Peer 1: 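Shown below is the structure under consideration.
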Number of protein chains: 2
Amino acid sequence: MVTQQLSGLPDEANLRRADSLAREIFSDVANKWALLIIESLGERTLRFSELRTEVEGISHKMLTQNLRMLERNGLVEREVHPTVPPRVDYTLTPPGRALRETVDVMCDWTARHLAHIEESRVRFAERTAP
Amino acid sequence: MVTQQLSGLPDEANLRRADSLAREIFSDVANKWALLIIESLGERTLRFSELRTEVEGISHKMLTQNLRMLERNGLVEREVHPTVPPRVDYTLTPPGRALRETVDVMCDWTARHLAHIEESRVRFAERTAP
DNA sequence: CGGTATCCGACACGATACTG
DNA sequence: CAGTATCGTGTCGGATACCG
């Protein structure tokens with residue numbers, strides 16, 4: 001992964017640190033649930049329970065876990081309303097929205113190549129288990 | 001996930017099928033190793049062993065597993081040279097290269113927001129465990 | 001060299017139950 | 001309603017060994 005050094009002299013230790021950080025972030029972000037959450041949120045503000053139904057198939061636990069991770073990385077903002085019953089809103093931050101655009105591109109890619117991929121799978125199956 | 005129906009009347013069963021397929025593909029593709037492999041391949045043709053060292057940290061097993069998956073979905077082409085010792089070349093197909101461009105965008109995103117994220121993490125840590 | 005198979009530990013994930 | 005904790009299991013993923 002290419003991480004440009006922007007500040008001062010590109011000290012080698014700094015480069016290595018930035019790279020391992022990049023890898024870490026990439027691992028956080030490049031996972032199914034995180035991307036689906038980001039995509040579901042979009043420009044909207046959703047509560048926990050809304051996200052729960054929006055991102056279908058996700059469990060209570062995975063949702064909280066991923067939301068924490070996204071909050072930690074500054075991609076979503078978590079707003080707690082001290083009401084009863086409690087209400088917690090989630091919104092993408094600017095960096096989160098920027099990431100979302102790349103996820104959108106990935107979704108477009110999926111839609112555009114759906115047919116080709118399905119076909120490839122059939123040919124692969126024929127090729128391997130005739 | 002939005003999957004447009006392109007052929008004929010958008011029969012509801014077809015829509016559901018396309019959507020579940022899209023989810024499946026998305027799950028295949030939205031994972032750390034797959035994306036790192038695609039990114040490493042780029043425009044080049046690499047042998048198995050070259051990929052092994054290029055995608056650092058990946059195990060023999062994960063590499064074969066993911067390469068099979070990518071081949072099955074028609075994203076990489078696998079070319080076996082019947083020599084001894086054997087030699088197997090991997091190259092991105094056109095759809096694979098298209099996907100790679102979106103991965104590039106994601107890498108750019110990572111590089112661009114590195115500092116902001118690192119900072120977010122510190123603030124998160126202070127906020128939660130003071 | 002590249003691929004497959006086997007074993008085994010780690011942990012991802014779901015289900016459940018309990019708090020504020 | 002949102003979050004945390006606990007427990008059980010299935011899957012992931014590494015290490016190793018063996019074939020073509």
Side-chain angles (χ1 to χ4, degrees), chain A residues 23-24 26-37 40-41 44-73 76-92 124-125 127-130, chain B residues 23-24 26-38 40-41 44-73 75-92 124-125 127-130:
Chain A
R23 287 287 292 248
E24 206 186 315
F26 197 83
S27 300
D28 271 2
V29 152
N31 95 59
K32 182 182 150 185
W33 289 132
L35 294 183
L36 287 174
I37 289 172
S40 291
L41 262 180
R44 301 178 289 174
T45 294
L46 295 179
R47 350 184 3 174
F48 184 87
S49 50
E50 291 170 333
L51 271 172
R52 183 93 165 71
T53 65
E54 201 75 14
V55 182
E56 60 179 296
I58 198 169
S59 69
H60 186 109
K61 187 182 179 182
M62 282 302 97
L63 185 53
T64 36
Q65 215 167 82
N66 278 278
L67 282 173
R68 282 295 162 281
M69 180 273 286
L70 292 173
E71 186 195 1
R72 181 170 106 93
N73 289 323
V76 303
E77 195 194 284
R78 177 165 176 272
E79 193 178 357
V80 183
H81 302 274
T83 60
V84 48
R87 174 200 180 93
V88 183
D89 287 341
Y90 291 93
T91 318
L92 289 182
F124 183 86
R127 205 186 319 152
T128 52
Chain B
R23 288 287 293 248
E24 206 185 314
F26 197 82
S27 300
D28 271 2
V29 152
N31 95 60
K32 182 182 149 186
W33 290 131
L35 294 182
L36 287 175
I37 289 172
I38 289 171
S40 291
L41 262 179
R44 301 178 289 173
T45 293
L46 294 179
R47 346 182 11 172
F48 184 87
S49 50
E50 291 171 332
L51 271 170
R52 184 92 165 71
T53 65
E54 201 75 15
V55 183
E56 60 179 294
I58 198 168
S59 69
H60 187 108
K61 187 184 180 181
M62 283 300 98
L63 184 54
T64 36
Q65 214 168 83
N66 279 276
L67 283 172
R68 281 296 161 281
M69 179 274 285
L70 293 173
E71 187 194 0
R72 180 171 108 93
N73 289 323
L75 305 187
V76 303
E77 195 195 283
R78 178 166 175 270
E79 192 178 358
V80 183
H81 301 275
T83 60
V84 48
R87 174 199 179 94
V88 183
D89 287 342
Y90 291 93
T91 318
L92 289 182
F124 184 86
R127 204 186 320 151
T128 52

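Note that the coordinates shown come from a computational prediction; the quantities given were computed from them, not determined experimentally.
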Peer 1: Indicate whether any N or O donor in one side chain lies under 3.5 Å from an N or O acceptor in the other, for N73(A) and D28(A).
Peer 2: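 The criterion, which ignores hydrogens and geometry beyond distance, is satisfied for D28(A) and N73(A).
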
Peer 1: Nearest 0.5 Å please: distance from the CD atom of E77(B) over to the CG atom of L70(B).
Peer 2: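 Rounded to the nearest 0.5 Å, the CD-CG separation comes to 13.5 Å.
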
Peer 1: Looking only at the side chain of P86(B) (C-beta and beyond, no hydrogens), which of the listed nucleotides dC1(C), dA2(D), dG14(D) gets closest?
Peer 2: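 The closest nucleotide is dC1(C).
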
Peer 1: May I have the distance from L51(B) (atom CG) to dC1(C) (atom C1'), rounded to whole angstrom?
Peer 2: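 Interatomic distance, CG of L51(B) to C1' of dC1(C): 14 Å.
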
Peer 1: Within less than 4.0 Å of OP1 or OP2 of dG2(C), is there a side-chain N or O belonging to R47(B)?
Peer 2: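 Yes, because at least one side-chain N or O of R47(B) sits under 4.0 Å from OP1 or OP2 of dG2(C).
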
Peer 1: How long is the span from the CG atom in L41(B) to the OH atom in Y90(B), to the nearest 0.5 Å?
Peer 2: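 Between L41(B) CG and Y90(B) OH, I get 10.0 Å after rounding to 0.5 Å.
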
Peer 1: Starting at NE2 of H81(A) and ending at C1' of dC1(D), how long is that distance when rounded to a whole Å?
Peer 2: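 Rounding to the nearest Å, NE2 of H81(A) and C1' of dC1(D) are 12 Å apart.
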
Peer 1: Within this structure, what is the CE-to-P distance between M69(A) and dA12(C), rounded to whole angstrom?
Peer 2: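 So the two atoms are 12 Å apart, to the nearest Å.
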
Peer 1: Return the value, rounded to whole Å, for the distance between atom CD1 of I58(B) and atom P of dA15(D).
Peer 2: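 Computing the I58(B):CD1 to dA15(D):P distance gives 13 Å.
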
Peer 1: Whole-Å distance between dC1(C) P and K61(B) NZ?
Peer 2: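 Atom NZ in K61(B) sits about 22 Å away from atom P in dC1(C).
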
Peer 1: Between E54(B) (CD) and dG2(C) (P), how many Å, whole number?
Peer 2: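 From E54(B) CD to dG2(C) P: 14 Å.
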
Peer 1: Checking S49(A) now: which residues fulfil side chain to side chain donor-acceptor pair (under 3.5 Å) with it, not counting sequence neighbours?
Peer 2: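 Side chain to side chain donor-acceptor pair (under 3.5 Å) list for S49(A), sorted by chain: empty.
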
Peer 1: Considering heavy-atom distances to DNA chain C, does G57(A) or V88(B) have its closest nucleotide positioned more toward the 5' end?
Peer 2: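 Per heavy-atom nearest nucleotide, the more 5' residue is V88(B).
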
Peer 1: At less than 4.0 Å, is any side-chain N or O atom of R52(B) found next to OP1 or OP2 of dC1(C)? Yes or no.
Peer 2: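 For dC1(C), OP1/OP2 do not have a side-chain N/O of R52(B) under 4.0 Å.
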
Peer 1: Can you tell me the distance, in whole Å, between the NE2 atom of H60(A) and the C1' atom of dT19(C)?
Peer 2: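 Taking atom C1' of dT19(C) as the reference, NE2 of H60(A) is at 12 Å.
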
Peer 1: Looking at Y90(B), does any N or O in its side chain come under 4.0 Å of the phosphate oxygens OP1/OP2 on dC1(C)?
Peer 2: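 No, no such contact exists.
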
Peer 1: Is it true that R44(B) and E54(B) make a salt bridge, defined as a side-chain N closer than 4.0 Å to a carboxylate O?
Peer 2: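 Looking at E54(B) together with R44(B), the answer is yes, because their closest N to O distance falls below 4.0 Å.
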
Peer 1: Given atom CZ of R87(A) and atom P of dA2(D), what is their separation to the nearest angstrom?
Peer 2: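 Nearest whole value for this atom pair: 8 Å.
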
Peer 1: At under 4.0 Å, does any side-chain N or O of R78(B) touch on OP1 or OP2 of dG2(C)?
Peer 2: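 R78(B) to dG2(C) OP1/OP2: no side-chain N or O under 4.0 Å.
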
Peer 1: Does S49(A) make a side-chain N or O approach to OP1 or OP2 of dA2(D) shorter than 4.0 Å?
Peer 2: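 For S49(A), the contact criterion (side-chain N or O under 4.0 Å from OP1 or OP2 of dA2(D)) is met.
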
Peer 1: Consider the side chain of R68(A), meaning its heavy atoms from C-beta on, and name the nucleotide among dT4(D), dC1(C), dC7(C) that approaches it most closely.
Peer 2: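 Between dT4(D), dC1(C), dC7(C), the one nearest the side chain of R68(A) would be dT4(D).
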
